[in-house]
Each structure stands twice: as structure tokens, then as C-alpha cells.
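Presented below is the structure to which this report refers.
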Amino acid sequence: MGSLYRIALVIAIVGAVNWGLIGLFQLDLVATIFGGPNSIISRLIYTIVGVSGLICIPLLSKPLVEEEASTSNASTSRPTYRNPSYQTEFGKEEDFSNSNKPNANNKKKKNSNSNQ
């Protein structure tokens, strides 16, 4: 996320907090600090908050997963493995699927011999 988007997002959040104060407590903090809702400074701040909200619109279409993956890798020194290999580090693994397993016929013969 670029610095313009970050600044716009912070300003939009400040505007959202101001709207929350207006909705909950009927307190317009910007108008209270800067001399009423019709003063030049208050109107300038309202305009900046509105433009910041418009700048933040493209942030809605950006995937959050990509952003989180790039920031998490930057903050840690652990590498990300996309295709992990599950082989041992000592060489080729042995295939035990064809080992000497007694089949069902050998078991039946052994059981019939032991019963006699």
C-alpha cells in the first residue's frame, strides 16, 4: 500500500470517528474545534476527509491475503516454501509398500496346520 493510500486511510478513519461522535453524542468535533460547521477551516477539513474517502475506494478491490502475505514475510526472516519436499535430508527414501507381507492364503494354511 502506497503512502498516499495510507494517509488517505488515516484521514478517512478520523472522519469516520467524527461521524461516530455525531451519531452517538451529537458532537461534531471538527466544528467544535474549528469554529462551527460553516467556518472555512471546518469546510476544508470536511472536503479533505471526503477526498480521502474517494482515494480509498480502490482499496476495496485489492485482495487482503496478498497484502498480508507480503508484509508477514517482510517482518520475519523465515522463508516461505511453495512446494515443500517431504523427503529426508539423507537421500532417497525406501519404498516399503512391496515388503514381505503374509497373504491371506499363508495365514489360512498356518491356522489349519496348528489346529491339527
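FYI, side chains are in, hydrogens and waters are out, and symmetry mates aren't considered; it's all heavy atoms of this structure.
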Linked, directly or transitively: [X] and [Y] (ILVMFWY side chains, under 4.5 Å):
{"X": "Ile41", "Y": "Leu29", "result": "yes"}
{"X": "Trp19", "Y": "Val30", "result": "no"}
{"X": "Ile33", "Y": "Leu27", "result": "yes"}
{"X": "Val14", "Y": "Ile48", "result": "no"}

Rounded to the nearest 0.5 Å, how far does CD1 of Ile57 lie from OG of Ser52? 11.5 Å

Got a second to check how far Leu59's CG is from Tyr5's OH, nearest 0.5 Å? 6.5 Å

Exercise: identify the closest heavy-atom pair between [X] and [Y]:
{"X": "Pro37", "Y": "Tyr46", "value": "O-CE1, 4.0 Å"}
{"X": "Ser42", "Y": "Gly36", "value": "OG-O, 2.8 Å"}
{"X": "Asn18", "Y": "Asp28", "value": "ND2-OD1, 3.1 Å"}
{"X": "Cys56", "Y": "Ala12", "value": "SG-CB, 4.4 Å"}
{"X": "Ile55", "Y": "Ala8", "value": "CG2-CB, 3.7 Å"}

For atom CD1 of Ile40, decide whether the heavy atoms of other residues, nucleotides or ligands shown that lie under 6.0 angstrom number more than 12. no

Keeping Ser61 on the side-chain end and Pro58 on the backbone end, is there a donor-acceptor pair under 3.5 Å? yes

Are the side chain of Thr47 and the backbone of Arg43 linked by a donor-acceptor contact shorter than 3.5 Å? yes

Considering the options Leu4, Leu9, Val10, Ile11, which one meets the side-chain contact (heavy atoms from CB on, under 4.5 Å) requirement together with Ile7? Ile11

